Amino acid sequence: MYRVETIRRLREARRLAVLTGAGVSAESGVPTFRSPEGLWSRFRPEELARVEAFLRNPDLVWAWYAHRRQIIRQVQPNAAHRILAALEDRYPDFTLITQNVDNLHRRAGSRNLIELHGNLERNYCIACARPWQEEDDEPQAVPRCPDCGGLVRPDVVWFGEPLPQEAWSRAEAAARRAEVFLVVGTSAVVYPAAWLPEIALESGAYVVEINPEETPLSGRVHDAIRERATVALEALWSMLES
Ligand code: NAD
Ligand code: ZN
């Protein structure tokens, strides 16, 4: 079930880039948005995850993020996060690009990490942009900036907002120069992140998808490994090390 060609490419490559999505954190107990029991079925994220919603009902949107922050603080990085961190030492040119906002890659030790959609652990004032750090208790109502009284929002990318430009350019460049590109645990439907595997394919990379489900990308990659992230990465890791 694991292709010899995939192991050979992973062994020989010097430039590896990886794109991860919510699926890589699923086994830590962070729900994905599109799973049946995921957050998106209980809440309508298109209603919550946008600036208009925040301005209309900041307390509700804040409470939703407070709830998500509470989940991520109770969980731990899993073997997939740890192996992706360890892979960094194997390649002279390694880039980990994530759509996740849960901070788990950083907690697992990844260093060359691009957070395309921001990070739930950071907040800032919408009026003066000053970073806001919570004290001990997570406030249930939206906090106000101590400097200017502006509303404090999470530092994540909402619907209708552009990606942070520098993060996007670095991600795009990594996808272009990668010899092997891994796509782990993403439904590959959220653009522009979903362009990255396309860019890698177009630039001649060997593209491997790890996902228990088929995605719109599956038909075009060189190897689609139908496995959970921890299982597939543990298997690939032990084959690389042997
Ligand atoms: P998604 O919810 O659209 O897709 C998750 C994918 O992971 C699915 O294709 C699913 O089949 C796969 N998956 C489920 N369990 C898996 C496992 N154990 N191993 C490997 N794959 C598994 O998530 P997305 O593609 O990341 O896009 C959704 C958006 O939601 C992103 O913008 C992201 O910022 C946000 N989001 C982030 C988090 C997080 O930070 N953990 C959680 C939910 C959503
Ligand atoms: Zn302010």
Side-chain angles (χ1 to χ4, degrees), residues 18-43 45-46 48-50 64-65 67-69 71-73 75 77-81 83-84 97-108 113-121 123-132 142-161 163-164 167 182-197 208-218 224-235:
V18 185
L19 172 68
T20 67
V24 84
S25 296
E27 291 169 83
S28 289
V30 184
T32 65
F33 278 171
R34 282 166 189 79
S35 59
E37 75 285 19
L39 293 172
W40 290 47
S41 59
R42 284 186 281 144
F43 304 90
E46 56 277 18
L48 296 178
R50 52 191 335 137
W64 185 50
Y65 281 96
H67 160 78
R68 293 178 60 196
R69 260 197 291 269
I71 294 176
I72 66 168
R73 287 188 188 156
V75 305
N78 62 49
H81 298 105
I83 290 168
L84 290 172
I97 307 158
T98 190
Q99 300 168 83
N100 296 344
V101 294
D102 57 26
N103 211 31
L104 289 175
H105 283 305
R106 213 175 283 286
R107 285 170 60 193
L113 173 66
I114 302 175
E115 293 171 317
L116 280 183
H117 294 164
N119 189 316
L120 266 185
E121 297 281 6
N123 301 276
Y124 68 94
C125 166
I126 62 167
C128 74
R130 174 193 155 136
W132 179 90
V142 68
R144 295 277 178 168
C145 174
D147 273 2
C148 75
L151 293 168
V152 171
R153 64 166 280 180
D155 190 0
V156 299
V157 176
W158 280 335
F159 285 105
E161 294 182 329
L163 299 192
L182 292 182
V183 188
V184 189
T186 173
S187 55
V189 296
V190 177
Y191 285 87
W195 286 119
L196 293 169
V208 181
E209 175 182 68
I210 298 174
N211 196 317
E213 308 287 335
E214 195 169 324
T215 76
L217 187 69
S218 304
I225 302 174
R226 291 268 159 273
E227 262 302 354
R228 289 179 286 129
T230 55
V231 174
L233 285 168
E234 270 169 350

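Counting begins at 1 with the first residue of the sequence. Both ligands and their constituent atoms are indexed starting at 1 by order of listing. Keep in mind it's a predicted model, so treat the numbers as computed, not measured. Just the heavy atoms: all of them, side chains too, but no hydrogens, waters or symmetry mates, feed the values below.
Of the candidates P31, G21, S25, it is P31 that places a heavy atom closest to atom 42 (C) of ligand 1. Nearest to atom 32 (O) of ligand 1 by heavy atom, out of H117, E115, Q99, is H117. Considering only non-hydrogen atoms, atom 21 (N) of ligand 1 lies nearest to P212 out of A232, A229, P212, A188. Of the candidates T230, N211, V189, T215, N211 brings a heavy atom nearest to atom 10 (C) of ligand 1. Considering G118, P216, S187, G185 only, the shortest heavy-atom separation from atom 1 (P) of ligand 1 involves S187.
For the pair L151/R144, a side-chain contact is recorded, criterion being any heavy-atom separation below 4.5 Å from C-beta on.
Checking side-chain atoms of R226 against main-chain N and O of N211 turns up a donor-acceptor pair under 3.5 Å.
Contacts of V190 with ligand 1, taken as heavy-atom pairs under 4.0 Å, involve the side chain alone.
Atoms of ligand 1 lying under 4.0 Å from any heavy atom of V30, numbered from 1 in the order shown and given with element: 41 (N). Remark: ligand 1 atoms within the under-4.0 Å shell around heavy atoms of A26 are 15 (N). Of all the atoms in ligand 1, the ones that sit under 4.0 Å from a non-hydrogen atom of E213 are 11 (O).
Looking only at protein N/O/S atoms, the ones less than 2.8 Å from the Zn ion (ligand 2) make 4 in total.
Aromatic ring pairs are classed by plane angle as parallel below 30°, tilted from 30° to 60° and perpendicular above 60°; the pair W158 and Y65 is tilted.
Under the 4.0 Å criterion applied to side-chain N and carboxylate O atoms, E115 and R106 are assigned as salt-bridge partners.
Scanning for side-chain contact (heavy atoms from CB on, under 4.5 Å) contacts around A26 gives T32, with sequence neighbours left out.
Both the sub-6.0 Å distance and the 45° axial angle are not jointly satisfied by R130 relative to the ring of W132.
Distance check, rounded to the nearest 0.5 Å: CD1 of I71 to CG of L120 gives 9.5 Å. Here the CG-OG distance, from N100 to S25, works out to 4.5 Å after rounding to the nearest 0.5 Å.
Looking at N103 and N119, their side chains do bring a donor and an acceptor atom within 3.5 Å of each other.
In terms of polar-atom proximity, defined here as any N/O pair under 3.5 Å, E27 does make such a contact with ligand 1. Ligand 1 has an N or O atom lying under 3.5 Å from an N or O atom of V101, backbone or side chain.
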Item to check | Stepwise side chain to side chain contact (heavy atoms under 4.5 Å, CB included) check, V157 with L116 | outcome: CA-CA 8 Å; V157 176; L116 280 183; over 6 Å; no

Checklist entry - Where do T186 and T215 land on the side chain to side chain contact (heavy atoms under 4.5 Å, CB included) test, with the steps shown first? => result CA-CA 8 Å; T186 173; T215 76; over 6 Å; no

